[in-house]
Asker: 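Below you'll find the structure I mean.
Worth knowing before you read on, the calculation uses all heavy atoms, side chains too, and leaves out hydrogens, waters and symmetry mates. All ligand and atom numbering here is 1-based and tracks the order in the structure.
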Amino acid sequence: MEGSCNCKSVQFSSSYEIRAIVNCHCNLCRKMNGSAFSSYVVVAEEGFILKSGVLKAVQVSENASKSFCDNCGTPIYNQNPKLAGLKILYLGSIDNAPNLKPAINIYCESQLQWVNQIATLPNFEQGVV
Ligand SMILES: [Zn+2]
Ligand SMILES: [Zn+2]
C-alpha cells in the first residue's frame with residue numbers, strides 16, 4: 001500500500017496486512033478533521049515506512065496524536081497508546097483509496113443523523129456551486 005500527501009512531499013508505504021477499515025463518527029475526529037466523519041485504515045506500525053517528507057505531530061487528546069505533512073497539512077495517521085503497535089492511517093492519504101472499503105462504523109453514538117441518508121441526496125458528477 002502506497003500513500004502520499006496533497007503536496008507529494010510525504011510519501012509512505014505500508015507493507016503489513018490491513019487490520020481494519022473503519023468510519024469513525026466520534027466527536028474528536030469530527031472536530032480535529034473538520035469533517036462529518038473520518039475513514040481510517042488500521043495497520044501494524046512495523047510495516048509503515050516514511051519514504052520522504054516531514055511529519056509533524058500534535059496531541060489531540062490525552063492519549064491520541066495526529067501526524068500530518070509539515071508542508072501542506074494533509075493528515076497521514078493517528079496514534080493512540082491504547083492501540084499500541086498500530087498506525088491509524090487516513091484513508092484519503094492512501095493512493096489506491098478507491099479500492100479500500102470501510103467494513104464498520106464506530107462511535108455511532110455521536111454520529112450525525114443525516115449521514116445515514118447521504119445516498120438519498122441528489123448526486124452530481126462534479127461540483128455545482
Ligand atoms: Zn504535503
Ligand atoms: Zn474518532
Asker: Have a look around the Zn ion (ligand 2) and list protein N/O/S atoms under 2.8 Å, or say none.
Answerer: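 Protein N, O or S atoms closer than 2.8 Å to the Zn ion (ligand 2): Cys24 SG, Cys26 SG, Cys29 SG.
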Asker: When you measure from the side chain of Thr74 to the backbone of Cys69, do you find a donor-acceptor pair of N or O atoms at a distance under 3.5 Å?
Answerer: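 A pair under 3.5 Å: no.
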Asker: Find out if a path of hydrophobic residues (ILVMFWY) with successive side-chain heavy-atom gaps under 4.5 Å connects Phe68 to Tyr90.
Answerer: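 Same hydrophobic cluster.
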Asker: May I ask you to check whether His25 and Phe37 place their ring centres under 6.0 Å from each other?
Answerer: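 Yes; His25 has its ring centre under 6.0 Å from that of Phe37.
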Asker: State, to the nearest 10 degrees, the angle whose vertex is the Zn ion (ligand 1) and whose arms point to SG of Cys72 and SG of Cys69.
Answerer: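 The two atoms form an angle at the metal of about 110°.
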Asker: Hey, would you say the Tyr77 and Phe12 ring centroids sit under 6.0 Å apart?
Answerer: no
Asker: Count the heavy atoms belonging to other residues, nucleotides or ligands that lie under 6.0 Å from CD of Glu17, then report whether that count exceeds 12.
Answerer: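 No.
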Asker: Would you say CD of Gln117 has more than 12 non-hydrogen atoms from neighbouring residues, nucleotides or ligands within 6.0 angstrom?
Answerer: yes
